[in-house]
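Take a look at the structure below.
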Number of protein chains: 2
Amino acid sequence: MSSLEQRCAKAGLKMTGQRRVILKVLGEASDHPSVEDVYDRAKEVDDSISIATVYRTLSLLDELDMVIRHEFQEGYSRYEVNDEHHHHLIDLDTGKVVEFQNDELEALKEKIARDLGYELIDHRLELYGKKLPKS
Amino acid sequence: MSSLEQRCAKAGLKMTGQRRVILKVLGEASDHPSVEDVYDRAKEVDDSISIATVYRTLSLLDELDMVIRHEFQEGYSRYEVNDEHHHHLIDLDTGKVVEFQNDELEALKEKIARDLGYELIDHRLELYGKKLPKS
DNA sequence: AATAGACTTGCGAAATATTCGCATTTTATC
DNA sequence: GATAAAATGCGAATATTTCGCAAGTCTATT
């Protein structure tokens, strides 16, 4: 049983064939698949799966905080498994997504929120850039 | 002629009654109106205006960099005039949007992008928080 | 291993947000 | 004022996501 399946069980979700497939797809994805992407990959394993189930499952996983839903200004959502905290830099020429993490940034965000009188619950940061010529 | 109208003229856009109304609505907004909001406010001035025109105008203004389009994870877009650079903290209890600016943050973002080998073209940062009890 | 009952699924329809085609109107320019 | 290009309104089309419901499946309990 995968770690994702365990977390689902702990949340009281029934482990159906469709959910197992979707969790497998998510666990194996190294990109940030859209709902359609997840649907396509899941269909390769179980052709009978419906896109409504993919939507419903991803919503559930999002509520459980097991995945992160992104809206990279494309008009649709992309998902990734929520394990290590990080942010994204989107290459404006290729669409490639680079992940990064920065402790100084984390501290600064906390401080900004606190200074505004707020407890920081969540946040999102996206950088959009173009590749620099190698120097 | 408002400053927004001037910028439109400079871009070669024709100044129609509808555009004038939409620009006025945007210029007077102190919140972050959705397309529907802009449409409603514009209709109070000119009842014949169509929502398609509002969509088209906002898209144009976005391309011209005269407005900023936000997607605060609500399933629709909100707009604001692009004057002073700033970011947003969204109050999770009330939905209120607090604007802020932080130079240290700006410098850090530039540095992160550069270290990853990218020129920073654009970025977005949103903090989501809950109000701290006054101490 | 049969059963109950709640949960889940697939399907198509519906809801939402946004874009588009096209005939008509308006604008800026001459 | 005539002209060409641009903009508008309308309704239809698209795209993404949600929903209702009948049928199927899972888990716990006999």
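Scope of the values below: all heavy atoms of this structure, side chains included, with no hydrogens, waters or symmetry mates. Labels below follow one simple rule: chain letters A, B, ... track the order of the sequence lines, proteins then strands, and each chain is numbered from 1.
- Minimum heavy-atom separation, Leu23(B) to Leu4(B): O-CD1, 3.8 Å.
- By the 4.5 Å heavy-atom criterion applied to side chains, Leu127(B) and Asp122(A) are not counted as neighbours.
- A residue-by-residue look at Gly75(B) and Arg19(A) shows that Arg19(A) has its nearest nucleotide of DNA chain C further toward the 5' end.
- Computed from coordinates, the Leu58(A) CG to dT9(C) P distance equals 12 Å when rounded to whole Å.
- Using the six-membered ring where Trp is involved, His70(B) and His32(B) have ring planes that are perpendicular, over 60° apart on the 30 and 60° scheme.
- The stretch residues 31-48 of chain B touches DNA chain D through Ser48(B), each having a heavy atom within less than 4.0 Å of the strand.
- Across the helix from dA1(C)-dT30(D) to dC30(C)-dG1(D), the helix axis at one end is tilted relative to the axis at the other end by 40° (nearest 10 degrees, each axis from five pairs).
- The distance from atom OH of Tyr76(B) to atom P of dT19(C) is 16 Å, rounded to the nearest whole Å.
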request  = Would you give a per-nucleotide map of nucleotides 21-30 of chain D, 5' to 3', where B means the base has a protein non-hydrogen atom under 4.0 Å away, S means only the sugar-phosphate does, and - means neither?
outcome  = -----BS---
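- The phosphate of dT18(C) (OP1 or OP2) has a side-chain N or O of Tyr55(B) nearer than 4.0 angstrom.
- Among the atoms of the strands shown, only primed sugar atoms or phosphate atoms (P, OP1, OP2) are found under 4.0 Å from some heavy atom of Ile49(B).
- Glu28(B) has a carboxylate O that lies under 4.0 Å from a charged side-chain N of Lys24(B), or vice versa, which qualifies the two as a salt bridge.
- Minimum heavy-atom separation, Leu61(A) to Cys8(A): CD2-SG, 3.9 Å.
- For the OP1/OP2 pair of dT18(C) and a distance below 4.0 Å, the side-chain nitrogens and oxygens of Ser77(B) include at least one atom meeting the criterion.
- Between the C1' atom of dT19(C) and the CG atom of Asp62(B) lies a distance of 15 Å, rounded to the nearest Å.
- The aromatic ring centroids of His88(B) and Phe72(B) lie less than 6.0 Å from each other.
- In this structure, Arg7(A) and Asp65(A) approach most closely via the heavy-atom pair NH2-O, 3.7 Å.
- Between the side chains of Asp37(B) and Ser34(B), at least one donor N or O sits under 3.5 Å from an acceptor N or O.
- The nearest whole Å value for the distance from the CG atom in Leu60(A) to the C1' atom in dT17(D) is 15 Å.
- When the nearest nucleotides of DNA chain C are assigned to Ile51(A) and Ile51(B) by heavy-atom distance, the more 5′-ward of the two goes with Ile51(A).
- Atom-to-atom, CZ of Phe72(B) to C1' of dA17(C) comes out at 17 Å; the value is rounded to the nearest Å.
- With Arg19(B) contributing its side chain and Lys14(B) its backbone, the two residues share a donor-acceptor pair below 3.5 Å.
- Checked for salt-bridge contact, Arg69(B) and Glu71(B) meet the test: a charged N lies under 4.0 Å from a carboxylate O.
- Rounded to a whole Å, the NE2 atom of His70(A) is 19 Å from the C1' atom of dT17(D).
- When ring centroids are compared, His123(B) and His87(B) come within the 6.0 Å threshold.
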